[in-house]
Amino acid sequence: MLKLYNTLTKKVEEFIPIDPNEIKFYVCGPTVYDYFHIGNARSFVMADIVRRYLEYKGYNVKFVMNLTDVDDKIIKKSNEERRNANDVTTDYINAFFEDITKLKIKKATLYPKATEHMKEIIDMIKLLVDKKFAYNADGNIFYDVKKFSGYGKLSGKNIEELEAGSRIEVNEEKKDPLDFALWKKAKDGEPYWESPWGKGRPGWHVECSAMSCKHLGKTFDIHAGGNDLIFPHHENEIAQSEAANDKQFVKYWLHFGFLNINEEKMSKSLGNFFTAREVLKKYSAEAIRMFFAQAYYRGPLNFSDDLLSAAEKGLEKINNLVDKINLEIRKNISGAKPGFDFDSYYKRFEEAMDEDLNTSQAVAVIFDFVKEVNRIIASSESVDVNFYDDVKTFLTKTAENVLGIVDFNKKNAGDDKLVNDLIELLITLRTEAKQNKNYLLSDTIRNRLKELGVVLQDSKEGTSYKIGKN
RNA sequence: GGCGCUGUACCCAAGUGGCUUAAGGGGAAGGUCUGCAAAACCUUUAUUCGUCGGUUCGAAUCCGACCGGCGCCUCCA
């Protein structure tokens, strides 16, 4: 029984799908004006883990992530670079897909773009104007926040307090400073679309309402995003969708904690960020995912090299077993079948994940599992290949398919046959040297290979090697 | 000022009334194995959970006060 913390109710609730045959899941995607940073990556990865876990539980998931390709920041960037907005967004959309692929994030069912949903967006605004939830101020359409009685229910804010805070810029055209733009009148040189109110472009929030409605329906199961989207973005989405459709918009709201750097939120505006692609040059996707998975998704998480390295070190322990399993399965030996309670590990894994996605607990289960398997291997003469198959199945279902921290198909050896053959040759020479007690030579071979990123490991069965990243 | 989150070992981090006199990872120390390494395994590393009170047969877990950190309230995952 999966339980999730719902920002809307501020409680951990049992997850009950609207339609058990297909869960509808929407995640706020990137605004494509730049590379996304490793903090953004945390949200994308965690949403991916939620999705994968739902699939582990046997659900079909319709997973939709929007691409915001109309936005002030895009216009700014295109002016700076003196090329049209479309070229800018195309480049960053491509970069986005490159990065999420490297991060082993499963492809969404759909990546709707704002620019391809102008009709739906305009229709929704029209509906809101007709229903008097929005008003026209000289070609700008604003949402009339005071008309929507539930305004503030997600973020726990109320209109009076927000106004008392008064950090909102004053805009003469708005009836109320909290009112937000559904449609922005185009200024000279800005990209625009035709609408009943003249040339312009949609405001930020309305695209998510329009596109989620089109692809997932008026009411859907899960809507997720970073903590900072709770207000105003998601609050405004609720206001738009529920005013337009007269139905509850979303059942479960999930929000991800920030990635901090030196205990401070990583953000584009503070400039204290690393792009995901930068970090991926140094650490594997598995290590990055491990780092995220070891912390609770809602809390803050500090980012540093030391922390990433620690996650990577821990992963190595699992990967050493993965290599061993792959090797043993290739060897295909029949031998003793050790008694092992796989079920209890599946159960513990599921219990952890069911409890509001306690991924740190789930990772601990994986480590416990690895330790027990290693113990069996260390204390047995020959272990049957069937055992290794079962071990592989467990790790595939949990660590690989849900958490994405393991990759059984990752090439440990090089892709290049010549390289592999050369290493094998060196190993043969070193083994001979060892037999002749020429340890000076054998150690030189091992050390020099290590400098090249090839790690040799001796065991009773001979010498194995793995090629690390360099 | 309002709202929300948070404070557990050297570091990261679970646990939210008795199964825990506190998981897991990193680090450190010792040991087994090895020609030596590496890997793996074993052992050690919080009688204590920001502080002070209270509730309870029993609290890291509930309540109160206080101290500290962070976020949102403006674009931001």
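Labels below follow one simple rule: chain letters A, B, ... track the order of the sequence lines, proteins then strands, and each chain is numbered from 1.
Here B:G71 is the nucleotide among B:G35, B:G24, B:G71 with the atom lying nearest to any side-chain atom of A:Phe258. The A:Gln457 side chain lies nearest to B:A39 when the options are B:A23, B:A39, B:A40. Taking the side chain of A:Lys371 as heavy atoms from C-beta on, and the options B:A77, B:G25, B:A13, the nearest nucleotide is B:G25. Distance from the side chain of A:Ser269 is smallest for B:C75 among the nucleotides B:C75, B:C41, B:A39. Relative to the side chain of A:Lys265, the nucleotides B:C72, B:A40, B:A13 differ in distance, and B:C72 lies closest. The side chain of A:Gln361 has B:A23 as its nearest neighbour among B:C41, B:A23, B:G24. When distances run from any side-chain atom of A:Lys317 to the nucleotides B:A37, B:G26, B:A14, the shortest one goes to B:G26.
Residue A:Leu456 is classed as a base contact, given a heavy-atom separation below 4.0 Å to a base. Looking at heavy-atom distances under 4.0 Å, A:Asp458 makes contact with a base. Heavy atoms of A:Lys324 sit nowhere under 4.0 angstrom from any nucleic acid atom. Base engagement by A:Ala364 is indicated by at least one non-hydrogen atom pair under 4.0 Å involving a base atom. Residue A:Leu259 is in base contact, counting any heavy-atom pair closer than 4.0 Å across all strands shown. Within the nucleic acid shown, A:Ser442 comes within 4.0 Å of at least one base atom, counting heavy atoms only. At the heavy-atom level, A:Met290 lies nowhere under 4.0 Å from the strands shown. As judged by a 4.0 angstrom heavy-atom cut-off over every strand, A:Tyr296 is placed among residues touching the sugar-phosphate backbone only. Within the 4.0 angstrom heavy-atom criterion, no nucleotide atom of any strand lies near A:His255. If you check every strand for non-hydrogen atoms under 4.0 Å, A:Gly225 touches sugar and phosphate atoms only. Using a 4.0 Å heavy-atom distance criterion, A:Gly257 is classed as a base contact.
When each of A:Gly226 and A:Tyr439 is assigned the nucleotide of RNA chain B with its nearest heavy atom, A:Tyr439 is the one assigned upstream, toward the 5' end. Where A:Glu264 and A:Glu372 meet RNA chain B, the nucleotide closest to each residue was compared, and A:Glu372 sits on the side nearer the 5' end.
Residue A:Lys157 has no polar side-chain atom (N or O) positioned under 4.0 Å from OP1 or OP2 of B:G2. Proximity of A:Asn358 to the phosphate of B:G15: a side-chain N or O atom is located under 4.0 Å from OP1 or OP2. For A:Asn374 and B:A40, the shortest distance from a side-chain N or O to OP1 or OP2 is not below 4.0 Å.
Using a 30° and 60° split on the angle between ring planes, A:Phe180 and A:Tyr143 fall in the parallel class, below 30°.
Residues A:Leu103 and A:Leu280 meet the side-chain proximity criterion, which asks for heavy atoms closer than 4.5 Å.
Comparing B:G25 with B:C63, their P atoms sit 32 Å apart, to the nearest whole Å. To the nearest whole angstrom, the two P atoms, one in B:A37 and one in B:C19, are 43 Å apart. Taking the C1' atoms as reference points, B:A46 lies 8 Å from B:U8, given to the whole Å. Between the P atoms of B:G64 and B:U20, the separation comes to 30 Å (whole Å). If you take atom C1' in B:G7 and the same atom in B:A60, they sit 12 Å apart, rounded to whole Å. Nucleotides B:G17 and B:A13 have their C1' atoms positioned 22 Å apart, rounded to a whole Å. Across B:G58 and B:C3, the matching P atoms stand 34 Å from one another, rounded to whole Å. Here the separation of B:U45 from B:A23, taken at their P atoms, is 11 Å to the nearest Å.
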Using the rule given for salt bridge (charged side-chain N to carboxylate O under 4.0 Å, His left out), can you reason through A:Asp323 versus A:Lys410, listing the C-alpha separation, both sets of side-chain angles and the distance that settles it, and then say yes or no?
CA-CA 10 Å; A:Asp323 292 344; A:Lys410 197 176 214 166; over 6 Å; no

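Nucleotide B:C36 has no partner under the Watson-Crick or G-U criteria, as no pair reaches both atom distances under 3.5 Å. Nucleotide B:C3 forms a Watson-Crick or G-U wobble pair with B:G71, both donor-acceptor distances falling under 3.5 Å. B:U20: no Watson-Crick or G-U partner with both key distances under 3.5 Å is found in any strand. In this structure, B:G64 forms a base pair with B:C52, meeting either the Watson-Crick or the G-U wobble geometry with both donor-acceptor distances under 3.5 Å. The pairing partner recorded for B:C10 is B:G26, the criterion being a Watson-Crick or G-U wobble arrangement whose two distances lie under 3.5 angstrom.
Judged by distance alone, with hydrogens and angles left aside, A:Asn302 brings no side-chain donor or acceptor close enough to the base of B:C12 to form a pair under 3.5 Å. Within 3.5 Å, a donor on the side chain of A:Ser43 pairs with an acceptor on the base of B:A77, or the reverse. A donor-acceptor contact under 3.5 Å is formed by the side chain of A:Asp443 with the base of B:G35. Under 3.5 Å, the side chain of A:Arg446 and the base of B:C36 form at least one donor-acceptor pair of N or O atoms.
Aromatic ring centres of A:His234 and A:His205: separated by at least 6.0 Å.
Rounding to whole angstrom units, CG of residue A:Asn262 and C1' of B:G69 are separated by 14 Å. At whole-Å resolution of the value, CZ in A:Phe231 and P in B:G71 are 18 Å apart. The separation between A:Asp228 atom CG and B:C73 atom P is 8 Å, rounded to whole Å. As a whole-Å value, the separation of A:Ile366 CD1 from B:G24 P is 14 Å. The interatomic distance linking A:Leu321 (CG) with B:C41 (C1') rounds to 13 Å, in whole Å. Rounded to whole Å, the distance from CG on A:Asp306 to C1' on B:G26 is 10 Å. For the pair A:His234 NE2 and B:C73 C1', the computed distance is 16 Å after rounding to whole Å. The CG atom of A:Asn66 sits 12 Å away from the C1' atom of B:A77 (whole-angstrom rounding).
With centres under 5.5 Å and a plane angle under 30° as the test, the ring of A:Phe256 is not stacked against the base of B:A77.
The two residues A:Tyr296 and A:Arg42 have their closest heavy-atom pair at O-NH2, 3.0 Å. Across A:Val250 and A:Asp221, no two heavy atoms sit closer than the pair CG1-O, 3.8 Å. Residue A:Asn66 comes nearest to A:Gly29 through the heavy atom pair OD1-N, 2.8 Å, listed as atom of the first residue, atom of the second, then distance.
Screening A:Asp48, A:Asp99, A:Asp407 for a salt bridge (charged side-chain N to carboxylate O under 4.0 Å, His left out) with A:Lys104, the sole residue that qualifies is A:Asp407.
The cationic group of A:Lys397 does not satisfy the cation-pi geometry with A:Phe349, failing either the under 6.0 Å distance to the six-membered ring centre or the 45° limit from the ring axis. A cation-pi arrangement, defined by a distance under 6.0 Å to the six-membered ring centre and an angle within 45 degrees of its axis, is present between A:Lys107 and A:Phe97.
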